[in-house]
Amino acid sequence: MTQVTRVVVTDLKRTQIVMYAGASGDYNPLHTDEPYATEIAGNPTVMAHGMLTMGLAGRVLTDWFGHENILRYRARFKAPVWPGDTLTVTANVTSMAEGRAEIALVAVNAAGTAVLTGTATALVTGETE
Amino acid sequence: MALNRDFLGRAYASSVPYEVSRVKIKEFAAAIGDTNPIYRDREAAVAAGHPDVVAPPTFPIIFSLSGAGEALSDPEFGLNFAMVVHGEQRFSYQRPIYAGDQLICTSTISEIRSVGRNEFLTVKSDITTVGGEQVCTTYNVIVERGGAA
């Protein structure tokens with residue numbers, strides 16, 4: 001198996017963004033306060049934390065390779081994620097050497113826009129198939 | 001306003017250790033919708049070969065900026081939080097984080113560069129146990145839009 005595609009969230013709820021604010025301690029009002037997000041920041045609505053998307057996408061890596069085998073995980077935040085978004089992550093093994101897989105991943109919204117691109121390195125054990 | 005380059009290379013250690021709890025890990029796993037039992041159930045984690053409940057890979061975000069928080073909000077530094085977006089995040093893991101770990105985070109303002117009208121700020125954080133064991137290294141890249149204009 002060299003590629004995995006999975007929907008990591010369907011119809012993202014505002015409640016989940018609030019849960020992430022509480023769990024992470026990131027209370028920037030851009031993420032939770034509709035009047036601030038729209039009237040002061042000028043956004044269409046509240047924006048999900050980039051780290052929420054990185055967390056959602058990370059599950060694809062840990063389910064595939066095993067948590068303890070993830071050596072490195074990097075993400076770039078390319079476009080905002082909004083309530084109602086459905087995100088699909090595709091992860092590919094781009095190279096394999098000395099028992100380590102190099103992985104590229106991308107998270108796209110329903111319109112096909114990449115909201116996150118990332119890379120990771122994972123130890124590959126005999127159980128990773 | 002451009003960021004104050006005098007802050008480059010300054011390091012800030014968390015004043016008290018961050019104590020990783022099972023409850024916080026469970027809360028974090030729920031927030032990212034991850035039902036893996038090693039994040040929720042001690043027996044499942046032990047059965048999988050871990051000493052205790054494991055923290056998800058992005059869990060260190062909770063405390064990785066804590067040491068530098070004071071510096072970033074120092075008026076002398078010149079960071080306008082209303083214009084800040086998270087550009088990039090990196091984690092390198094030396095070992096998983098477990099419930100019960102007592103972690104010290106030392107954050108260094110490692111890079112400040114202007115790209116067009118924006119300022120790119122990189123904060124590197126070294127996370128160790130109170131015993132000095134290396135656990136994780138994180139890089140937060142923060143973009144201040146219009147900061148270099």
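Proteins come first, then strands; the chains are lettered A, B, ... in the order of their sequence lines, and each starts at number 1. As the structure is a prediction and not an experimental result, all values here were calculated from the model.
With a 4.5 angstrom heavy-atom cutoff, B:T138 does not touch chain A via any of its atoms. When heavy atoms are compared at a cutoff of 4.5 Å, B:N36 approaches chain A solely by way of its side chain, counted from C-beta outward. Interface residue B:A55: only backbone heavy atoms are found under 4.5 Å from chain A. Residue contact with chain A, scored on non-hydrogen atoms closer than 4.5 Å, involves the backbone and the side chain of B:A30 alike. Residue contact with chain A, scored on non-hydrogen atoms closer than 4.5 Å, involves the backbone and the side chain of B:P57 alike.
Exactly one residue among B:V135, B:T137, B:I127, B:L103 makes a side-chain contact (heavy atoms from CB on, under 4.5 Å) with B:P60. That residue is B:I127.
For the options A:M54, A:M47, A:H67, A:Q16, heavy-atom pairs under 4.5 Å to chain B are most numerous at A:H67. If you tally non-hydrogen atom pairs under 4.5 Å between each of B:M83, B:H50, B:R95 and chain A, the highest count goes to B:H50. Ranked by non-hydrogen atom pairs under 4.5 Å with chain A, the options B:V141, B:I61, B:I38, B:V84 are led by B:I61. When each of B:K24, B:H86, B:E27 is scored by its heavy-atom pairs under 4.5 Å with chain A, the top score falls to B:H86. With chain A as the partner, the residue from B:A29, B:A31, B:S92 showing the most heavy-atom pairs under 4.5 Å is B:A31.
The two residues A:A122 and A:I103 have their closest heavy-atom pair at CB-CD1, 3.8 Å.
Ring centers of B:Y139 and B:F91: at least 6.0 Å apart, outside the cut-off.
Proximity of a side-chain donor or acceptor of A:R100 to a complementary backbone N or O of A:T121 within less than 3.5 Å is not detected.
In this structure, B:Y18 and B:F59 have perpendicular ring planes: the angle between them is above 60°, well past the 30° mark.
One finds the CD1 atom of A:I17 at 12.0 Å from the CG atom of A:D26 (value rounded to the nearest 0.5 Å).
Between B:D74 and B:R10 there is no salt bridge, since no side-chain N of the basic residue sits under 4.0 Å from a carboxylate O of the acidic one.
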